[in-house]
Amino acid sequence: MCPLVSARHFLWLLSLLWCCKTSPGELKVRVRLEDGQVAEESLQADSERDCITLEFRKADGTFITYLADFKQEVKIFRILILGELERGQSQFQALCFITQLQNNEIIPSESMAKLRQKNPHTVRQAEDLRGIENLQMDVAVNFTKGIQLSSHVHNICSEAREAIYTRQEDVRAWLKKGVDGSMFEVLPQSSSSPVLHPCKVCTHDWKACICSYRLSLEWIPCSLKYCKTRDSSGKTTSYKCGIRSCQKGYVFHFYVTEKQLCLWDEET
């Protein structure tokens, strides 16, 4: 069952900077979310631990954290969602999704640490739109052993101990690196169980189903820009002269033991 955390604990969580908190530099970027609301992204880089965090809060109170761990080539998404009290939920629900970090998803932590904000009140739009990626998160990850995937799992996913997901293709790659396979549990899937339906078409709140959660990172510094110049001998050389920003959407599909843990999927 997905963990539901108290309001007091949730507010305490928001007051903390999760992982890359040792870096004195923080970049704040105003962006327009999918619902048209303007939000402020907070980006922090820790070049010593070689990680970047991106966090923002949506208008409905949902708090999103994205962490890129370059040392272990892993990215982690954490979602803290407001519960629906009138339908029997507790205050907040926590989810964690872990998958491999691909090349050119986000700039290196050292480059990120050097970025400085210009015109902080401007609402930024990404230069490149990278579309939406559908991810079948069909494997549960054991929280205690998850540190083998990333040293940040225990901080980022501590409120989602029973709701940490990954993909079978990620598991296969990690097993080749020597990760302990006992931390993974393959979950029921709609392809192997004809009675397992998407939660949005499920009519019973207490029935198992496949939940979907969609999020979009509206502004990510995804690559470095290089400019060319000529030296005194006429030789052309390249140098870093900026960053390129991207927008990327994700839809996570994952098993829940009851529709009550996926009430937002009715609205999509």
Q: Hydrophobic side-chain clustering at under 4.5 Å (ILVMFWY, transitive links): who's grouped with Val38? Put none if nobody.
A: Val123
**Q.** Hydrophobic cluster partners of Leu129 (side-chain heavy atoms under 4.5 Å)
**A.** none
Taking [X] for its side chain and [Y] for its backbone only, find out whether a donor-acceptor pair lies under 3.5 Å.
X: Lys145; Y: Met183; answer: no
X: Gln93; Y: Leu261; answer: yes
X: His253; Y: Asp138; answer: no
X: Tyr165; Y: Tyr255; answer: yes
X: Lys207; Y: Glu258; answer: no
X: Glu127; Y: Ser245; answer: yes
X: Arg78; Y: Cys157; answer: no

By side-chain hydrogen bond (donor to acceptor under 3.5 Å, both in side chains) - contacts of [X] (at least two apart):
X: Asp180; result: Ser182
X: Gln72; result: none
X: Lys71; result: none
X: Lys235; result: none

Q) Under the salt bridge (charged side-chain N to carboxylate O under 4.0 Å, His left out) criterion, do Arg124 and Glu41 qualify, and how do the steps go? A) CA-CA 10 Å; Arg124 304 288 176 181; Glu41 289 184 355; over 6 Å; no
To the nearest 0.5 Å, what is the distance between [atom1] on [X] and [atom2] on [Y]?
X: Ser42; Y: Lys28; atom1: OG; atom2: NZ; value: 4.0 Å
X: Thr257; Y: Trp206; atom1: OG1; atom2: CH2; value: 9.5 Å
X: Lys259; Y: Lys200; atom1: NZ; atom2: NZ; value: 11.5 Å
X: Thr166; Y: Leu149; atom1: OG1; atom2: CG; value: 7.0 Å
X: Ile79; Y: Lys58; atom1: CD1; atom2: NZ; value: 9.0 Å
X: Leu67; Y: Ile52; atom1: CG; atom2: CD1; value: 9.0 Å

**Q.** For Arg32, salt bridge (Lys or Arg N to Asp or Glu O under 4.0 Å) partners two or more places apart
**A.** none
Q: Kindly write out the residues that satisfy salt bridge (Lys or Arg N to Asp or Glu O under 4.0 Å) with Glu110, not counting sequence neighbours, or none if the list is empty.
A: none
Of all heavy-atom pairs between [X] and [Y], which one has the smallest distance, and what is that distance?
X: Ser216; Y: Gln247; result: OG-NE2, 2.6 Å
X: Leu187; Y: Val139; result: CD1-C, 4.0 Å
X: Glu218; Y: Glu34; result: OE2-CG, 3.6 Å
X: Met137; Y: Arg167; result: SD-CG, 3.5 Å
X: Ala45; Y: Met112; result: CB-CG, 3.5 Å
X: Asp69; Y: Ser150; result: OD2-OG, 2.7 Å

Just wondering, do [Y] and [X] contact through their side chains at under 4.5 Å, heavy atoms?
X: Leu54; Y: Ile106; answer: no
X: Val74; Y: Leu101; answer: no
X: Thr122; Y: Arg30; answer: no
X: Val256; Y: Cys199; answer: yes
X: Leu95; Y: Phe254; answer: yes
X: Val251; Y: Ile132; answer: yes
X: Gln136; Y: Gln189; answer: no

Q: Hey, could you give me each pair passing ring-ring contact (aromatic ring centres under 6.0 Å, His included) that has a residue in residues 214-244? Not counting sequence neighbours.
A: none
**Q.** Counterpart residues, ring pair (Phe, Tyr, Trp, His ring centres under 6.0 Å), relative to Phe70 (two or more places apart)
**A.** none
(Q) Taking ring pair (Phe, Tyr, Trp, His ring centres under 6.0 Å) as the definition, give me every residue that meets it alongside Phe77, ordered by chain and number, with sequence neighbours left out. (A) Tyr66, Tyr250, Phe252
**Q.** Set of residues satisfying disulfide bond (SG atoms under 2.5 Å apart) with respect to Cys222, sequence neighbours excluded
**A.** Cys246
Q) Linking I/L/V/M/F/W/Y whenever any side-chain heavy atoms sit under 4.5 Å apart, do Leu33 and Leu27 land together? A) yes
Q | Reference residue Cys96; test side-chain contact (heavy atoms from CB on, under 4.5 Å); the match among Val153, Thr65, Ile76, Val141 | A | Ile76
**Q.** Side-chain donor-acceptor pair present, Asn104, Ser223, cut-off under 3.5 Å
**A.** no
Q: Dump the intermediate steps for ring-ring contact (aromatic ring centres under 6.0 Å, His included) on Tyr213 and Phe97, then the final yes or no.
A: CA-CA 11 Å; Tyr213 189 86; Phe97 303 109; 7.3 Å; no
(Q) Over 60° means perpendicular and under 30° means parallel, so tell me whether Trp174 and Phe184 are parallel, tilted or perpendicular. (A) parallel
(Q) Counting only heavy atoms from other residues, nucleotides and ligands, does the tally under 6.0 Å from CD of Gln125 exceed 12? (A) no
Q) Can you list the steps and then say if Cys209 with Cys262 is a disulfide (SG to SG under 2.5 Å)? A) CA-CA 9 Å; Cys209 53; Cys262 186; 5.7 Å; no
**Q.** Check against side-chain contact (heavy atoms from CB on, under 4.5 Å), Ile164 and Phe143
**A.** CA-CA 7 Å; Ile164 306 174; Phe143 171 75; 3.7 Å; yes
